[in-house]
Amino acid sequence: MNDKGVSRNDDLNDDDLNDDDLMSFENEMIQAGLLASCSNRRCSDGECSSASAVVAAAHDDNLDSNHKRAKVYYDFDGFRCVYDHIQGSPFQPTSDVDTCHDDSGMMFTGEENNFDSSYAKDNEGDGCDMSEVEDTNVTMDLSDDLLHMVFSFLDHTNLCKAALVCKQWRTSSAHEDFWKSLNFANRNISVEQFEDICRRYPNALAVSISGPEIHVLAMKAISLLRNLEVLKLGRGHIDDSFFHVLSDCSMLKKLRICDATLGGGVLEIPIDHDRLRHLKLKKCRVMRITVRCPQLETMSLKRSNMVQAALNCPLLRKLDIGSCHKLPDSAIRLAVTSCPQLVSLNISNCSCVSDETLREISQTCASLSFLDASYCPNISLESVRLPMLTVLKLHSCEGITSASMAAISHSSLLEVLDLYNCSLLTSVSLDLPHLQNIRLVHCRKFTDLKLRAIVLSSMLVSNCPALQRINITSNSLQKLTMPKQGSLNTVALQCQSLQEVDLSECESLTNSVCDVFSDGGGCPMLKLLVLDSCESLTSVRFISTSLASLSLGGCRITNIELGCPNLEKVILDGCDHLERASFCPVGLRSLNLGICPKLNMLSIEAPFMVSLELKGCGLLSKAFINCPLLTSLDASFCSQLTDEDLSATTASCPLIESLILMSCASIGSDGLRSLHWLPNLTVLDLSYTFLVNLQPVFESCSQLKVLKLQACKYLTDTSLEPLYKGALPALQELDLSYGTLCQSAIEELLASCTNLTHVSLNGCVNMHDLNWGCRRSCVQINELGAFNSPFGASSHEKIAEANEQSTRLLQNLNCVGCRNIRKVVIPNCFHLLYLNLSLSANLKEVDVTCLNLSFLNLSNCSSLEILKLLCPRLSSLFLQSCNIDEEALEAAISKCSMLETLDIRFCPKICSMTMGRLRAVCPSLKRIYSSSLLN
């Protein structure tokens, strides 16, 4: 328990200890105290009832025979009298926080009141009357041992809150085990209050204080707390008398003074203590300091402005005098050499340190293992020998040159080496068997790195613009990151465990780097290689059994050859100069070469590849593709791809399901006949080709579901006749956009191919009318969406009968931009959901009767005048820039009982239409887009 009390305030600025895992439990434990505090506040306002002035907390009566359990009964109106004798708290809140004091000087922050008010509001919100709470007896049954265990997790603030609950909690929370560490940092507390606390808890082990009264409070702590082990002082003035009586605190082990002025006019401050082990004087203002502490182990004088420090600490192992700018070289030498047992020394930002001082330190402190000499411009390590050194940090040391490496090489036990911003360093050649971490950053003249470190595990080389050559030997290095080394042109690696290498933006790397990362090149475990924007690479060849990921984004390579059977990812973004590519073999599952417009030769052997995209490889004239698991091939715009290449590909890739040959102008009937090798082909795109005969497709692709023939202008009216006779029975989607089929061929197609669900006839100039028969020939639909048969009343049975009569499965029909179409009549297409006739400039009349139609687009049909709709499930209607008048629009939407979205912007004949009028005609409308409404 003592150790816990000391560690609770290990830092001067740590005010409170919060444990999120215990907060909910803690809140439940103090909830009764919150209610009591609320009742206490009501008593102060004169609302208490004098009839209930007793708290039945009779200690002797309610404790059981073992004195382990206390039963506490609360009478909230009489709560104040219980706490008239609560012991004081060791906290004084700052002036801007409300406080309440009891008769004994107990101080609590205003947080209790906040909790009380919120709790009362919660009760009011639940319809709870406080009078009911006042008449309720709260019974608690907790053993002292259990309370002690729970309270051990609370900080001092919450211990004070817990003390408000009952006498048992007050007694338990005041136990000295919880007050071993007293933290008054950043708190206003008077001398009298501090003295009272010290007398109440004389066995406290740790004290933290700061502020203007710091000297008086520190003197009180020394005189009253004889067992004090840790003393932390800060932000104030400490007179020299404090240091003269410091030895009276015989148990003190740790003294920390931060941001304080030491001494009252004297030039020298003595610190003399026989048991002190840790001393820290940070940012202290003092002229001279003398330390005689025979047991001292660690000392820090960081950022203090003394000019002399005399040390008599024979057991000192760690010394930090970093940023002591006023300490001269001679004073540093005298102070450090007086501590022969030093193992750690920080002299960073001590600009006066010289090589002579380091030589004497190396001779005196034979066990020194850590040295931070950063920002010491006068050191070069000449003749400095530190054989036990394991960590060396040299940041911004202008005197460090290549000659300094001789001194470093004598530190054979070195594990960490930092060389930051050493502007005169040109080369590093080291053989350090224990080196694990090296960092070379912002060394402007650094050109050569030769490093042999068998256990090297981490390496960072960055912003060394002159670096040209690296030679690294290591059995433990797993990751090498050296980006933006613009002059690097030679790499030699013998790294048996290396797995990741990043050499991005190393613009001078040549093709020879490929040998380093191929089998036999010294990196047998390499898995990830990044060579992005290495602009000097022109021909890349990797033969590696371990490589799994390769990135060559932005490289100007013209040839790539990969023999990496385990390669799963390759990035070629921006490789727009690539002309020849060979991936034999690779473990890729997908590959996109559509970003390589100059590619003319391709060879792929990928047993696991399922997707290949060659879109835009317009110069590709020779392709060998052996991917037995390939299911998707996109060769769009591969205008030079021949029938021979297609035949070879289909024979070696029999599982292809989707084949895109759009704009493959060289593909003919011979290539299409090879499609019989693809029994699973379901998607075929032959758009923008010069095909005349589709018979090979009809004969070979029995499972085809999607056929796209956009802009196939050489197809004749008879080219699709096999479709009318049952060819391609699984076909569901047909795209004949921008074709030259005549009106009769289109009508025959729509009438015969009833299995089609998606048809696109966009831009078909030969289509004049779309008339599927007489309106209401079989079935009529009333305004409510029910069917009325000429033979009987409406019923759901009639709907089922209509479904059976409707054999057309069409769901989506696109006729965008058919400029010669004038009339559309669709009397009964039960499955039609989507109809798009936009941009048909000469369309005048639309008559649609479709039970399930939900989307109709007639935008930019500038000649439209007649619109008849019986579409009870229509939800979106677009009439932008149409010539329809108000009367026709009202009649059309009145039969669409589920219409939600209506677009009538830029309709010249619907200028005066109002929102209310539209909603009156069609109450289901939610969104109306109208130019007149916007104005």
Side-chain angles (χ1 to χ4, degrees), residues 277-279 293-302 309 311-322 324 329 332-350 353-376 378-395 397 399-420 422 425 428-440 451-459 473-476:
R277 296 180 182 272
H278 306 282
L279 174 63
C293 299
Q295 300 296 323
L296 196 65
E297 298 176 0
T298 67
M299 180 167 64
S300 174
L301 304 176
K302 193 170 186 177
L311 307 183
N312 184 4
C313 309
L315 299 183
L316 190 66
R317 296 177 60 81
K318 183 177 180 180
L319 176 61
D320 185 352
I321 53 176
C324 293
D329 184 44
I332 294 175
R333 186 186 317 162
L334 180 63
V336 177
T337 54
S338 65
C339 306
Q341 301 298 321
L342 273 183
V343 296
S344 175
L345 175 62
N346 185 351
I347 54 174
S348 61
N349 281 289
C350 294
V353 176
S354 64
D355 282 336
E356 182 181 354
T357 294
L358 288 181
R359 283 193 291 270
E360 289 198 24
I361 291 174
S362 64
Q363 296 170 3
T364 305
C365 305
S367 300
L368 192 65
S369 62
F370 177 97
L371 175 61
D372 187 348
S374 301
Y375 302 97
C376 296
N378 298 324
I379 64 171
S380 64
L381 300 183
E382 181 181 356
S383 302
V384 177
R385 301 291 182 265
L386 295 167
M388 302 302 293
L389 202 63
T390 59
V391 178
L392 176 60
K393 296 185 178 183
L394 299 170
H395 292 213
C397 295
I400 297 297
T401 64
S402 300
S404 305
M405 298 303 106
I408 295 178
S409 63
H410 283 85
S411 301
S412 59
L413 299 180
L414 196 64
E415 298 177 358
V416 178
L417 175 61
D418 286 355
L419 296 169
Y420 277 63
C422 296
L425 183 65
V428 171
S429 180
L430 294 171
D431 186 351
L432 298 171
H434 294 90
L435 188 65
Q436 300 178 16
N437 189 315
I438 184 172
R439 288 183 283 267
L440 291 156
L451 183 63
R452 180 178 176 84
I454 301 301
V455 296
L456 184 69
S457 59
S458 177
M459 179 177 180
T473 301
S474 171
N475 291 337
S476 300

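Going from atom CG of Asp329 over to atom CG of Asn378 covers 8.5 Å, rounded to the nearest 0.5 Å. A distance of 9.5 Å separates OG in Ser354 from CD1 in Ile379, rounded to the nearest 0.5 Å. Note that CG of Leu316 is 10.0 Å distant from CD of Gln341, once rounded to the nearest 0.5 Å. With rounding to the nearest 0.5 angstrom, the CD atom of Glu382 is 11.5 Å from the CG atom of Leu358. Separating the CG atom in Leu456 from the OG1 atom in Thr473 is a distance of 10.5 Å, to the nearest 0.5 Å. Taken from NZ in Lys318 to CG in Leu342, the straight-line distance is 11.5 Å, to the nearest 0.5 Å.
Checking Ser380 against Asp355 by side-chain atom types alone, a donor-acceptor pair falls below 3.5 Å.
Atom CZ of Arg359 is surrounded by more than 12 heavy atoms from other residues, nucleotides or ligands within 6.0 Å. Within a 6.0 Å radius of CE in Met388, other residues, nucleotides and ligands contribute 12 heavy atoms or fewer.
Heavy-atom minimum distance, Ser344 versus Phe370: OG-CD2, 3.3 Å.
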Practice task
Please report the C-alpha distance between Ile347 and Leu371 in whole Å, then the side-chain angles of each, then the deciding distance to 0.1 Å, and finally whether the side chain to side chain contact (heavy atoms under 4.5 Å, CB included) criterion is met.
Solution key: CA-CA 8 Å; Ile347 54 174; Leu371 175 61; 4.3 Å; yes

Problem - Test log, rule side chain to side chain contact (heavy atoms under 4.5 Å, CB included), inputs Val416 and Arg439 - result: CA-CA 8 Å; Val416 178; Arg439 288 183 283 267; 4.1 Å; yes

Exercise for the section: Please lay out, stage by stage, how Cys350 and Ile332 fare under the test side chain to side chain contact (heavy atoms under 4.5 Å, CB included). Expected result: CA-CA 9 Å; Cys350 294; Ile332 294 175; 3.9 Å; yes

Practice task
Decide yes or no on side chain to side chain contact (heavy atoms under 4.5 Å, CB included) for Leu425 and Met405, but give the supporting numbers first.
Solution key: CA-CA 10 Å; Leu425 183 65; Met405 298 303 106; 3.9 Å; yes

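Residues satisfying the side chain to side chain contact (heavy atoms under 4.5 Å, CB included) test with Thr337, not counting sequence neighbours, are Arg333, Glu360, Ile361, Thr364. Taking His278 as the reference, nothing meets the ring-ring contact (aromatic ring centres under 6.0 Å, His included) condition, with sequence neighbours excluded. Here Tyr420 pairs with His395 under the ring-ring contact (aromatic ring centres under 6.0 Å, His included) rule; sequence neighbours left out.
At distances below 3.5 Å, at least one donor-acceptor pair connects side-chain atoms of Ser369 with backbone N or O atoms of Val343. Without hydrogens or angle criteria, Ser474 side chain to Ala453 main chain gives a donor-acceptor distance under 3.5 Å. Side-chain N or O atoms of Ser411 include none that pairs as donor or acceptor with a backbone N or O of Leu389 at under 3.5 Å. A donor-acceptor pair under 3.5 Å is absent between the side-chain atoms of Ser476 and the main chain of Ser457, judged by distance alone.
Counting only heavy atoms from C-beta outward, the side chains of Leu296 and Leu311 never approach each other to under 4.5 Å.
Using a 4.0 Å cut-off between charged nitrogen and carboxylate oxygen, Glu297 and Arg277 count as a salt-bridge pair.
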